[in-house]
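To start, the structure itself, in C-alpha coordinates.
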Amino acid sequence: MSKITKKQQAVEMNQETATHTQQHVAVPFTESPRANDRQVGGDHYKNMGVEPWNIVDTWPHEQRIGYYRGGALKYLMRMGSKDQSAEEIGKGQHYMQKLLEVLNEQE
(Lines give C-alpha, C1' and ligand atoms only; values in the text may rest on other atoms or scores of the structure.)
Protein backbone atom coordinates (compact mmCIF):
# COMPACT_ATOMS: atom_id res chain seq x y z
CA MET A 1 0.00 0.00 0.00
CA SER A 2 1.57 3.27 -1.07
CA LYS A 3 1.51 6.41 1.00
CA ILE A 4 -0.35 9.35 -0.57
CA THR A 5 1.17 12.78 -0.03
CA LYS A 6 -0.88 15.80 0.93
CA LYS A 7 -0.18 17.29 -2.49
CA GLN A 8 -1.48 14.14 -4.22
CA GLN A 9 -4.60 14.24 -2.03
CA ALA A 10 -5.20 17.88 -2.94
CA VAL A 11 -4.77 17.13 -6.66
CA GLU A 12 -7.21 14.22 -6.45
CA MET A 13 -9.73 16.31 -4.51
CA ASN A 14 -9.46 19.12 -7.06
CA GLN A 15 -10.01 16.67 -9.92
CA GLU A 16 -13.09 15.25 -8.20
CA THR A 17 -14.61 18.67 -7.57
CA ALA A 18 -13.73 20.02 -11.02
CA THR A 19 -16.61 18.08 -12.52
CA HIS A 20 -18.98 19.77 -10.07
CA THR A 21 -17.89 23.15 -11.41
CA GLN A 22 -18.89 22.07 -14.90
CA GLN A 23 -22.32 20.83 -13.77
CA HIS A 24 -23.67 23.62 -11.60
CA VAL A 25 -27.28 24.57 -11.10
CA ALA A 26 -28.40 28.17 -10.80
CA VAL A 27 -29.24 29.02 -7.20
CA PRO A 28 -31.51 32.00 -6.55
CA PHE A 29 -30.11 34.82 -4.46
CA THR A 30 -31.84 35.66 -1.23
CA GLU A 31 -29.18 38.05 -0.04
CA SER A 32 -28.36 41.54 -1.15
CA PRO A 33 -26.26 43.55 -1.74
CA ARG A 34 -24.07 41.86 -4.30
CA ALA A 35 -20.62 40.76 -3.19
CA ASN A 36 -18.91 43.69 -4.95
CA ASP A 37 -21.03 46.18 -3.02
CA ARG A 38 -19.62 45.26 0.38
CA GLN A 39 -16.36 44.33 2.08
CA VAL A 40 -15.68 42.12 5.08
CA GLY A 41 -12.93 43.15 7.49
CA GLY A 42 -12.18 46.78 6.73
CA ASP A 43 -12.47 49.17 3.83
CA HIS A 44 -8.98 48.96 2.31
CA TYR A 45 -10.24 47.51 -0.99
CA LYS A 46 -13.19 49.89 -1.23
CA ASN A 47 -10.74 52.81 -0.90
CA MET A 48 -8.77 51.73 -3.98
CA GLY A 49 -9.45 53.29 -7.36
CA VAL A 50 -9.75 49.83 -8.89
CA GLU A 51 -10.50 46.86 -6.64
CA PRO A 52 -8.81 43.49 -7.23
CA TRP A 53 -12.19 41.84 -7.92
CA ASN A 54 -12.79 44.33 -10.74
CA ILE A 55 -9.68 43.02 -12.45
CA VAL A 56 -10.47 39.36 -11.74
CA ASP A 57 -13.92 39.88 -13.25
CA THR A 58 -12.27 40.59 -16.62
CA TRP A 59 -10.77 37.06 -16.67
CA PRO A 60 -12.36 34.10 -18.49
CA HIS A 61 -15.24 32.43 -16.64
CA GLU A 62 -13.38 29.28 -15.56
CA GLN A 63 -10.43 31.29 -14.21
CA ARG A 64 -12.78 33.44 -12.13
CA ILE A 65 -14.43 30.31 -10.72
CA GLY A 66 -11.02 28.99 -9.69
CA TYR A 67 -9.96 32.28 -8.12
CA TYR A 68 -13.10 32.67 -6.01
CA ARG A 69 -13.06 28.98 -4.98
CA GLY A 70 -9.45 29.38 -3.87
CA GLY A 71 -10.23 32.54 -1.91
CA ALA A 72 -13.08 30.84 -0.07
CA LEU A 73 -10.92 27.82 0.70
CA LYS A 74 -8.09 30.00 2.03
CA TYR A 75 -10.26 31.79 4.55
CA LEU A 76 -12.11 28.67 5.69
CA MET A 77 -8.89 26.71 6.19
CA ARG A 78 -7.10 29.44 8.15
CA MET A 79 -10.08 29.99 10.46
CA GLY A 80 -8.87 31.37 13.77
CA SER A 81 -5.18 31.43 12.87
CA LYS A 82 -5.00 35.07 11.76
CA ASP A 83 -8.23 36.93 12.54
CA GLN A 84 -11.15 35.98 14.76
CA SER A 85 -12.87 32.81 13.54
CA ALA A 86 -16.15 34.59 12.81
CA GLU A 87 -14.35 37.20 10.69
CA GLU A 88 -12.46 34.51 8.75
CA ILE A 89 -15.72 32.65 8.05
CA GLY A 90 -17.33 35.94 7.00
CA LYS A 91 -14.52 36.52 4.51
CA GLY A 92 -14.86 32.97 3.19
CA GLN A 93 -18.62 33.43 2.90
CA HIS A 94 -18.01 36.66 0.97
CA TYR A 95 -15.89 34.76 -1.57
CA MET A 96 -18.56 32.04 -1.77
CA GLN A 97 -21.21 34.67 -2.46
CA LYS A 98 -19.06 36.06 -5.26
CA LEU A 99 -18.46 32.52 -6.57
CA LEU A 100 -22.19 31.87 -6.61
CA GLU A 101 -22.75 35.09 -8.55
CA VAL A 102 -20.14 34.02 -11.11
CA LEU A 103 -21.67 30.52 -11.39
CA ASN A 104 -25.10 32.04 -12.01
CA GLU A 105 -23.83 34.27 -14.84
CA GLN A 106 -24.48 33.32 -18.42
CA GLU A 107 -21.15 32.53 -20.06
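- Using a 30° and 60° split on the angle between ring planes, His94 and Trp53 fall in the tilted class, from 30° to 60°.
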| request: Show your reasoning for whether side-chain contact (heavy atoms from CB on, under 4.5 Å) applies to Lys98 and Asp57. | output: CA-CA 10 Å; Lys98 181 63 176 175; Asp57 286 341; 2.8 Å; yes

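- Side chains of Tyr68 and Val102 form a contact here, defined as non-hydrogen atoms less than 4.5 Å apart.
- Looking at heavy atoms from C-beta onward, Glu101 lies out of side-chain contact with Arg64 at the 4.5 angstrom threshold.
- Applying the under-4.5 Å side-chain rule to Ile, Leu, Val, Met, Phe, Trp and Tyr, the cluster around Met77 extends to Leu73.
- Side-chain contact check for Leu99 versus Tyr67: every heavy-atom pair is 4.5 Å or farther apart.
- Both Val56 and Tyr95 are part of a single hydrophobic cluster, where members link through side-chain heavy atoms under 4.5 Å apart.
- Nearest heavy-atom pair, Ser85 versus Gly80, reported as atom, atom and distance to 0.1 Å: OG-CA, 3.5 Å.
- By the criterion of side-chain heavy atoms lying less than 4.5 angstrom apart, applied directly or through intervening Ile, Leu, Val, Met, Phe, Trp or Tyr residues, Leu100 is not grouped with Ile89; the two fall into different hydrophobic clusters.
- For Gln93 (side chain) and Ala72 (main-chain N/O), no donor-acceptor pair under 3.5 Å exists by modelled atom type.
- Minimum heavy-atom separation, Leu76 to Met96: CD1-CE, 4.0 Å.
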| said: With salt bridge (Lys or Arg N to Asp or Glu O under 4.0 Å) as the criterion, how do Glu88 and Lys82 come out once you've worked through the C-alpha distance, each side chain's angles and the decisive distance to 0.1 Å? | reply: CA-CA 8 Å; Glu88 297 286 22; Lys82 183 176 177 189; over 6 Å; no

